[in-house]
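To start, the structure under review is shown below, and the notes come after it.
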Amino acid sequence: MKELSLKSTIYSADFSELTDQERELIEQAKASTYNSYAPYSHFHVGAALLLKNGVIVPGCNQENAAFPAGICAERSALFAAGAQYPDQPVLMLAIAVRNSKGEFLAEPASPCGPCRQVLIETETRFKHPVRILLYGTDHTYVMDGIKELMPLSFTQI
Ligand code: THU
């Protein structure tokens, strides 16, 4: 049996190392955390997408008493973009989280499995990787495409 080693490249950046456009997207993701509806988890997730036409689409988690009926910030933004700008490739996604004390997390949070799968579909659909910025007050993780977080992913189209 052969061992198959898979490599992921993720950069850890100081906020000052990011471009103006990246910083702006993170600010939008941070602002979106204030629209999050999270009375159960108190985990306020904000997302912001940059589309090819320059439009920024925000998203945030929306919870529900029937837990599976809620949705994550990433998918809320990706589906809103799909509904409003179906032909626009998604270039970049920023995510930020505030905890139950209202503080931004020091360590970046990473997208859940279903959100990763939707990101795979987005990249496949537009034939373009989505640059991902996971914001934390200590550092921001940066990667060029969801494949860095999801090797051997499932696609059909
Ligand atoms: N959540 C997100 O919005 N994005 C993720 O990638 C992980 C989790 C939300 C779902 C739920 O409202 C809360 O965070 C706690 O899991």
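Whatever order the structure lists ligands and atoms in, that order sets their numbers, starting from 1.
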Over 12 foreign heavy atoms within 6.0 Å of OH, Tyr40 | yes
Is it the case that more than 12 heavy atoms not belonging to Gln21 sit under 6.0 Å from its CD atom?
-> no
Do Cys72 and Val45 have side-chain heavy atoms sitting under 4.5 Å apart?
-> no
State, yes or no, whether a side-chain contact exists between Val97 and Phe43 at a heavy-atom distance under 4.5 Å.
-> yes
Would you check if the side chain of Gln62 reaches a backbone N or O of Ile71 as a donor-acceptor pair within less than 3.5 Å?
-> no
Between the side chain of Gln28 and the main-chain N/O of Ile56, is any donor-acceptor distance below 3.5 Å?
-> no
Per-pair distances, ligand 1 N/O vs protein N/O, less than 3.5 Å:
{"from": "ligand 1", "atom 1": "3 (O)", "to": "Ala73", "atom 2": "N", "distance (Å)": "2.9"}
{"from": "ligand 1", "atom 1": "4 (N)", "to": "Glu74", "atom 2": "OE1", "distance (Å)": "2.8"}
{"from": "ligand 1", "atom 1": "4 (N)", "to": "Glu74", "atom 2": "OE2", "distance (Å)": "3.4"}
{"from": "ligand 1", "atom 1": "6 (O)", "to": "Glu74", "atom 2": "OE1", "distance (Å)": "3.4"}
{"from": "ligand 1", "atom 1": "6 (O)", "to": "Glu74", "atom 2": "OE2", "distance (Å)": "2.8"}
{"from": "ligand 1", "atom 1": "6 (O)", "to": "Cys112", "atom 2": "N", "distance (Å)": "3.0"}
{"from": "ligand 1", "atom 1": "12 (O)", "to": "Asn61", "atom 2": "ND2", "distance (Å)": "2.9"}
{"from": "ligand 1", "atom 1": "12 (O)", "to": "Glu63", "atom 2": "OE2", "distance (Å)": "2.5"}

